[in-house]
Each structure stands twice: as structure tokens, then as C-alpha cells.
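Remember, predicted model here, so these are calculated numbers, not experimental data.
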Amino acid sequence: MDAPGFTASLVAGGVAGASVDLILFPLDTIKTRLQSPQGFNKAGGFRGIYAGVPSTAVGSFPNAAMFFLTYEYVKCLLHTDSASHFRPVKHMLAASAGEVIPFSLVQFPLWESLKALWSWQRGHVVDSWQSAVCGAFAGGFAAAVTTPLDVAKTRIMLAKAGSSAAVGNVLSAMHAVWRAQGLGGLFAGVLPRMAAISMGGFIFLGAYDQTRSLLLEVGKKSP
């Protein structure tokens, strides 16, 4: 990846990360409280849902910047023909290199596949708003299928010190939720999680594509 592409991916990723955190932080707080074993109201309800937004947004800028830089760099290293069946694997590997979590392994290959399908149907590369729509669908789907893992993570984070849940075993935490609350417990907060991440995918990936395209265009015009 050349210097303009390096800079564009770095800055665009940071802008995308900060934008989505500033806008969607309250929804994530609500989702976490819905998943709390104390119950929504005892966990805080709607009180203080904006607390910590500025610091979170500032912290997300470098994280998102490095994620997208790594993602684009690995994609470049693993470049294959656009018709290759290896493309989804390439996107999974690139997402894994940027951030090793199951969510990214679902979201990014689906995002790239939806963009490729839409581009093929239209006969040209999708616009930034179309990339954002693909990001919303990919994010919503990934959010739904990974909700049980998110519930387990939340229970571990909120567990009392010394309890079995505090050990950090995700499978054990999921099993405990299943025994106590069944399928509904494993998918607690799925709707706000899907809503937040769908909107987040729209903003995050749309802002990334738009900012990166603008920066590359400016780079081409610069002497």
C-alpha cells in the first residue's frame, strides 16, 4: 500500500471510529444494562447514559485507525482476482489481523460481499452511502449471531470478585445464562444491540469509505 493509501486508511479509520462512538455510545450503555443480572433499572436504567462519551470517542480514534490500516494492508498483501473464491477468506484474515473477535469475522466478509454484489448489479463500484447500507446489514446480522457471546462477556465483566462467573470462562458463562434464563437470556438486549450496531455499521463503514475516498482524491490532485 502506497503512502497516500496508508494515510487515507489511517485518518479515515480514526474519523469513522470517533464518529460512531460519539453518536451511538448511549445505545451501547442501554444494551449493557439490559444484559445485567441485576436487571435494567437496578443497573442504572436511563440515568447517565452519556457519561464517558468524550473519553471513549478520543480513545476510539487511534484504535479504529490502526484497525483499518491493518485491515487494508493485509487485504493488499493477500490480493487476489476479484472473482476468486478466496475473497471471503481474505477479508476474514484481514479482519482477524485488525481485531481478533468473532464479530469482525462475520461483519467484514459480509460487508465486502454485499458491496461486491451491489457493484456487480450496478456495473460500477458502490458509492459511499451504498457502502454504508451494506455496513448496516452486515453489522445487524453480525450483532444478532454474536449476542450470546456479548451476553457472556457482560456477565463476566459485571460478576462479583471470587464468583464462578468472574473466572472469565465464556462457555461457562453462556451455560449459566442458558440454565437460568434459557434462550431469551442468551439473546438479552439483541434488539438494541442490532439497532445500535446496524446504525454503527452505517456510520462507521460509510464514514470510513467516504473519508478515505475524499483523502485519496485530494492526494491525486496534490502536486
Side-chain angles (χ1 to χ4, degrees), residues 1-25 28 56-84 86-101 103-143 196-223:
M1 187 162 56
D2 56 15
F6 177 96
T7 303
S9 296
L10 194 68
V11 175
V15 169
S19 298
V20 77
D21 275 337
L22 282 170
I23 297 169
L24 299 179
F25 183 89
D28 187 62
T56 299
V58 170
S60 69
F61 189 99
N63 290 334
M66 290 308 300
F67 171 81
F68 273 111
L69 177 63
T70 305
Y71 180 70
E72 295 291 351
Y73 183 71
V74 174
K75 278 173 58 180
C76 183
L77 288 178
L78 299 175
H79 176 71
T80 58
D81 182 76
S82 60
S84 172
F86 182 66
R87 288 178 70 238
V89 178
K90 175 181 71 172
H91 298 142
M92 289 178 70
L93 290 172
S96 297
E99 186 177 4
V100 186
I101 55 172
F103 180 86
S104 294
L105 297 182
V106 177
Q107 183 190 31
F108 278 81
L110 183 55
W111 175 54
E112 297 282 7
S113 296
L114 290 172
K115 287 197 301 177
L117 178 60
W118 203 342
S119 297
W120 175 75
Q121 289 179 331
R122 293 180 59 86
H124 61 78
V125 176
V126 294
D127 297 327
S128 295
W129 72 267
Q130 293 165 329
S131 175
V133 171
C134 293
F137 277 102
F141 179 79
I197 294 180
S198 291
M199 287 189 284
F202 185 92
I203 298 166
F204 187 55
L205 299 175
Y208 173 73
D209 263 6
Q210 180 65 32
T211 305
R212 190 171 189 272
S213 297
L214 288 173
L215 290 173
L216 290 174
E217 189 64 30
V218 170
K220 289 178 183 178
K221 294 178 180 179
S222 300

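A 6.0 Å sphere centred on CZ of F137 holds no more than 12 heavy atoms belonging to other residues, nucleotides or ligands.
The distance from the CG atom of L10 to the CG atom of L215 is 10.0 Å, given to the nearest 0.5 Å. The CD atom of E72 sits 9.5 Å away from atom CZ of F67, with the distance rounded to the nearest 0.5 Å. Between atom CG of residue L117 and atom CG of residue L110 there is a gap of 10.5 Å, rounded to the nearest 0.5 Å. The SG atom of C134 sits 10.5 Å away from the CZ atom of F202 when rounded to the nearest 0.5 Å.
Shown here for F103 and A142, the closest heavy-atom pair between the two residues is CE1-CB, 3.4 Å. Between W118 and Q130, the shortest heavy-atom distance links the atoms CZ3-O, 3.5 Å. Between G206 and A132, the shortest heavy-atom distance links the atoms CA-CB, 3.6 Å.
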Q: Please test L205 against Q107 for side-chain contact (heavy atoms from CB on, under 4.5 Å), starting from the C-alpha separation and ending with a verdict.
A: CA-CA 11 Å; L205 299 175; Q107 183 190 31; 4.0 Å; yes
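Partners of W120 according to the ring pair (Phe, Tyr, Trp, His ring centres under 6.0 Å) rule, which considers only residues two or more places apart in sequence or in another chain, do not exist here. Applying the side-chain contact (heavy atoms from CB on, under 4.5 Å) rule to A196 yields the partners L27; only residues at least two apart in sequence or on another chain are considered. Residues meeting the side-chain hydrogen bond (donor to acceptor under 3.5 Å, both in side chains) test with S128, sequence neighbours left out: Q210.
Between the side chain of S119 and the main chain of V126, a donor-acceptor pair closer than 3.5 Å is present. Distance alone, capped at 3.5 Å, is enough to place a donor-acceptor pair between the S113 side chain and the P109 backbone.
In this structure the side chain of Y208 never reaches within 4.5 angstrom of the side chain of V15, judged on heavy atoms. Under the 4.5 Å side-chain criterion, counting only non-hydrogen atoms from C-beta, R212 is not in contact with V11. Between D209 and K115 the shortest side-chain heavy-atom distance falls below 4.5 Å. Put simply, the side chain of F204 does not reach to within 4.5 Å of the side chain of S19, judged on heavy atoms.
Note: W111 and F108 have perpendicular aromatic rings, judged against thresholds of 30 and 60 degrees for the angle between ring planes.
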